[in-house]
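Report on one structure; see the data block that follows.
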2 protein chains.
Amino acid sequence: MRTRDEDKVSLVKKMAIKSIVKDGFEGFSMNKLAKACGISVATLYIYYKDKDDLIISIAKEEGDAMADSMIKNFDPTVSFEEGMRVQWENRYAYMLEHPFSIAFFEQLRNSTYQSRFLDNFMKKFKQIIGEFMNNVVKNGEINSMPLEVFWSIAYAPLYSLVRFDAEGQSVGGKPFKMTDEILWQTFDLVIKALKN
Amino acid sequence: MRTRDEDKVSLVKKMAIKSIVKDGFEGFSMNKLAKACGISVATLYIYYKDKDDLIISIAKEEGDAMADSMIKNFDPTVSFEEGMRVQWENRYAYMLEHPFSIAFFEQLRNSTYQSRFLDNFMKKFKQIIGEFMNNVVKNGEINSMPLEVFWSIAYAPLYSLVRFDAEGQSVGGKPFKMTDEILWQTFDLVIKALKN
DNA sequence: AATATAAATGAATATTCATTCACTTATGAA
DNA sequence: TTCATAAGTGAATGAATATTCATTTATATT
């Protein structure tokens with residue numbers, strides 16, 4: 001029996017993400033994807049049941065990889081500032097290594113696929129981050145607050161920076177490039193906001 | 001000569017936003033929009049040159065309205081905390097009055113229309129916000145920092161909260177509803193981060 | 001009341017879409 | 001080497017897409 005060409009499979013995955021990032025879901029089609037990969041459309045239907053399955057499958061794979069790398073080296077019993085630093089480091093490193101992934105997730109978050117993708121993704125985090133929050137509140141390192149408030153202060157600024165960087169443009173006119181210095185300058189402000 | 005039915009025009013606008021918010025640009029079509037409005041597709045081409053023109057025109061109108069209401073009562077010579085409070089108030093009030101607009105802009109930001117829409121939108125702000133930033137840095141109320149860092153700390157948390165509220169779901173499981181208390185609790189943390 | 005004219009339409013067009021199918025090709029096991 | 005079988009294909013399908021057009025309708029002006 002003939003064997004599946006795994007290079008072809010991963011090319012499909014790569015091109016799908018690239019295309020969705022570039023043109024959004026509105027500009028994405030199975031025929032165009034096949035053409036971009038230099039294969040027949042019908043082949044896509046060997047790999048995936050249908051278009052939804054293709055998108056959801058790729059989203060899950062990428063989401064799992066991202067979730068894993070985000071909790072790498074993360075010990076929820078460590079101090080607040082140290083724990084936050086590891087998480088910012090992980091997210092920043094992931095973004096540098098997978099420049100398209102972040103933009104791909106932004107597309108997913110604003111699409112009808114959101115719910116089917118986000119549940120799976122959050123499951124990986126929820127427990128470990130919840131444990132971390134409990135600890136630092138109990139230690140008196142930060143005040144108790146709704147999880148959404150914490151998230152909005154602790155991570156939203158990072159994602160905002162990543163986005164400015166990806167767009168290469170700014171609120172003003174000049175192009176913006178993220179640097180280590182800018183990242184940790186922002187981090188310090190976030191710690192100042194949250195730490196007692 | 002027959003007169004244009006302005007009710008029909010504004011119905012088109014309302015339904016277009018509603019549809020894009022609900023199903024994204026990938027689920028939006030001229031034929032479906034016409035059907036949803038109970039008019040002929042051809043009528044849409046009387047109001048707008050083509051699909052792009054429809055989307056961009058509506059985006060610009062909504063964007064201008066939002067920009068206006070955001071700088072309402074805003075005096076760039078006022079103190080840092082006072083200026084920030086007015087801006088948060090304005091954004092929050094706008095979000096309550098126009099629940100679909102914010103979601104519509106999120107869609108635009110993640111679409112190929114982004115650049116054509118954002119330039120127009122930002123023009124309204126840039127000057128007045130830049131003036132405000134200059135003042136508060138000169139007064140020594142906050143430290144000098146890249147505009148993107150400021151933006152990411154000062155406003156990203158608010159938009160994140162608005163988003164949690166719109167989705168009605170959370171990082172965890174329970175539904176989230178924004179309240180005045182939560183808004184100003186988050187605001188205080190932001191001020192703590194930025195103020196010297 | 002008559003008329004000129006823009007608004008509004010229903011039905012068409014050509015194109016692109018997701019998906020299927022009859023067929024060919026490569027390869028692990030015999 | 002043969003053969004069973006899954007991988008891979010080119011061309012087709014019908015549905016949905018954006019846009020156009022010949023025609024009808026309403027109304028502001030005369």
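Just so we're clear, the structure is a prediction, and the values are computed from it rather than from any experiment. So that the names make sense, note that chain A is the first sequence line, chain B the second, and so on, each numbered from 1.
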Expected list for residues 1-10 of chain A near DNA chain D, using heavy atoms below 4.0 Å, is A:Met1, A:Arg2, A:Thr3, A:Arg4, A:Asp5, A:Lys8

Taking the basic N atoms (NZ, or NE/NH1/NH2) and the acidic carboxylate oxygens, is any pair closer than 4.0 Å for B:Arg85 and B:Glu89? no

Does the plane of the ring in B:His98 sit parallel, tilted or perpendicular to the ring in B:Tyr94? Use 30° and 60° as the thresholds. parallel

All pairs passing ring pair (Phe, Tyr, Trp, His ring centres under 6.0 Å) where residues 28-83 of chain A contributes a residue, at least two apart: A:Phe74-A:Phe132

Is the backbone N or O of B:Asp53 less than 3.5 Å from a side-chain atom of B:Ser57, with the two atoms forming a donor-acceptor pair by type? yes

Using a cut-off of strictly less than 4.0 Å between a heavy atom of the residue and any atom of DNA chain D, enumerate the qualifying residues of residues 20-54 of chain A by number. A:Ile39, A:Ser40, A:Ala42, A:Thr43, A:Ile46, A:Tyr47

Going by the angle between their ring planes, with limits at 30° and 60°, are A:Phe150 and A:Tyr155 parallel, tilted or perpendicular? perpendicular

Donor-acceptor contact below 3.5 Å, side chain B:Lys192 vs main chain A:Lys195: yes

List in chain and number order the residues that pass side-chain contact (heavy atoms from CB on, under 4.5 Å) with A:Ile56, two or more places apart in sequence or in another chain; answer none if no residue qualifies. A:Lys60, A:Tyr113, A:Arg116

Mutual orientation of the aromatic rings belonging to B:Trp88 and B:Trp184 [parallel < 30°, tilted 30-60°, perpendicular > 60°]: tilted

Please check if the side chain of B:Asn139 supplies one atom and the backbone of B:Ser79 the other of a donor-acceptor pair under 3.5 Å. no

Is it the case that A:Glu106 and A:Tyr159 place a side-chain donor and acceptor less than 3.5 Å from each other? no

Can you give the first and last nucleotides of DNA chain D, 5' to 3', that have an atom under 4.0 Å from a heavy atom of chain A? D:dA4 to D:dG10

In numerical order, the residues of residues 55-63 of chain A whose heavy atoms come under 4.0 Å of DNA chain D are none

B:Lys32 atom NZ, neighbour heavy-atom count above 12 within 6.0 Å: yes

Minimum side-chain heavy-atom gap A:Leu54-A:Leu33 below 4.5 Å: yes

